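A short write-up of the structure that comes next.
Remember, predicted model here, so these are calculated numbers, not experimental data. Numbering of ligands and ligand atoms starts at 1, following listing order.
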Amino acid sequence: MTPRASACAKIILLGEHAVVYGFPAVAVPVRSLRATAEYDAGPPPLRIEAPDIGLRAVLEDLPAENPLGFCVRHTLDVLHIPLSGGRLRVTSDIPVASGMGSGASVSTAVVRALAAAAGKTVDAEQVSAIVYEVERIHHGTPSGVDNTVIAYEQPVYFVRGKDPDILAAGGSMLFLIADSGVRSATRDAVAGVRERRNKDPERYDGIFQSIGELTDAGRACLEAGDRRMLGRAMFESQGLLDAIGVGAPGLTRLVDAARNAGAWGAKLSGAGLGGNVIALVKPESAEPAEAALRAAGAAAVFRTVLEHGNHPPPQTKSPHGT
Ligand code: MEV
């Protein structure tokens, strides 16, 4: 059987950017959007195919800084897998550079597929640690929230350098994810915030502190199932993200459209400057809110539901699981 594995996308509910500076973030998996990796055994050399990004190469020919090549080499190394031949094929339906963790998701699928090919069991913590190293190539100074939420495939409360708290929602919550259609590299957004913070540390640290307080309040709302107050924390957090310079006119239009369509809350999610806006909506107003987001310029709108209670764990333990 061909070892095949997949990984989810993610959205950050609260805390992006501040999380890089040691404040908490809350992130949830988006299970309906996935990256997939398949390994077919064969003679050397080991070939890598990623048709979505037009990549077809022999592993040895990929430069050291190529994230996919690094991910494969690092995984083989850390998990002691002596694989020198065959074909690894990677596909993804997660929009790239849009704040949904496509890079971390591809890496997670690759780690799981290679582990499965070698008949090894890897848990979420191991996968997350390997993917974090790949994220450093993508993003420079990642906090680790993306690799954590994707590898655990659970809602998490994350603080840099600590084990994540797995969260259980106190009520089911429906989110619309509106893609602004503007691609934005996390690395650039994070570097821009760092540059501005270096010029005015007091102001920026004060804003990060406020984002952290909203994140703590939002966690409590999520666990209590209080959508109204969670939504309020999202709107407030958008104001603070604008204040640190990661907003964009297209994102503001989407947040305003969600607000006018009666959403409980809306904000950019991820690095900002482009990418996605997430909106927490009442089930009965999901249709009009989706139409309003499209009318306000959304290139695509996805729905995701955070189910009430605990979530089943990801299938990282099965050698042929997806
Ligand atoms: C990106 O999904 C989230 C940021 O906070 C960066 C990070 O945490 O590494 C912007």
Please list, in number order, the atoms of ligand 1 under 4.0 Å from a heavy atom of [X].
| X | value |
| --- | --- |
| Ile12 | 2 (O), 3 (C) |
| Val19 | 5 (O), 8 (O) |
| Glu16 | 5 (O) |
| Val145 | 8 (O) |
| Asp146 | 1 (C), 2 (O) |
| Pro142 | 9 (O) |

Task: Sequence neighbours excluded, every pair satisfying ring pair (Phe, Tyr, Trp, His ring centres under 6.0 Å) that has a member inside residues 203-248 - done: Tyr21-Phe208
- [ ] Compute the shortest N/O to N/O distance between Lys10 and ligand 1 and return yes if it is under 3.5 Å, no if not.
- [x] yes
Task: Backbone or side-chain N or O of Ser143 under 3.5 Å from ligand 1 N or O - done: yes
State whether [X] and [Y] are salt-bridged, where the test is any N-O pair (Lys NZ or Arg NE/NH1/NH2 against Asp/Glu carboxylate O) under 4.0 Å.
| X | Y | answer |
| --- | --- | --- |
| Glu153 | Lys10 | no |
| Asp93 | Arg34 | no |
| Glu60 | Arg73 | no |

Task: Pairwise side-chain contact, Val159 with Lys162, heavy-atom cut-off 4.5 Å (strictly under) - done: yes
TODO: Would you indicate whether the side-chain heavy atoms of Leu114 and Lys120 approach each other to under 4.5 Å?
DONE: no
Open item on the list: Looking only at protein heavy atoms, which one is nearest to atom 4 (C) of ligand 1, and what is the separation?
Closed with: His17 N, 4.0 Å
TODO: Provide the full list of side-chain hydrogen bond (donor to acceptor under 3.5 Å, both in side chains) pairs with a residue in residues 165-177, sequence neighbours left out, each pair given once.
DONE: Asp165-Arg219
TODO: Give a yes/no verdict on whether any heavy atom in His139 is under 4.0 Å from an atom of ligand 1.
DONE: no
TODO: Answer yes or no for Ala271: is there a heavy-atom contact with ligand 1 below 4.0 Å?
DONE: yes
TODO: Kindly work out whether a path of hydrophobic side-chain contacts (I/L/V/M/F/W/Y, heavy atoms less than 4.5 Å apart) joins Leu293 to Leu268.
DONE: yes
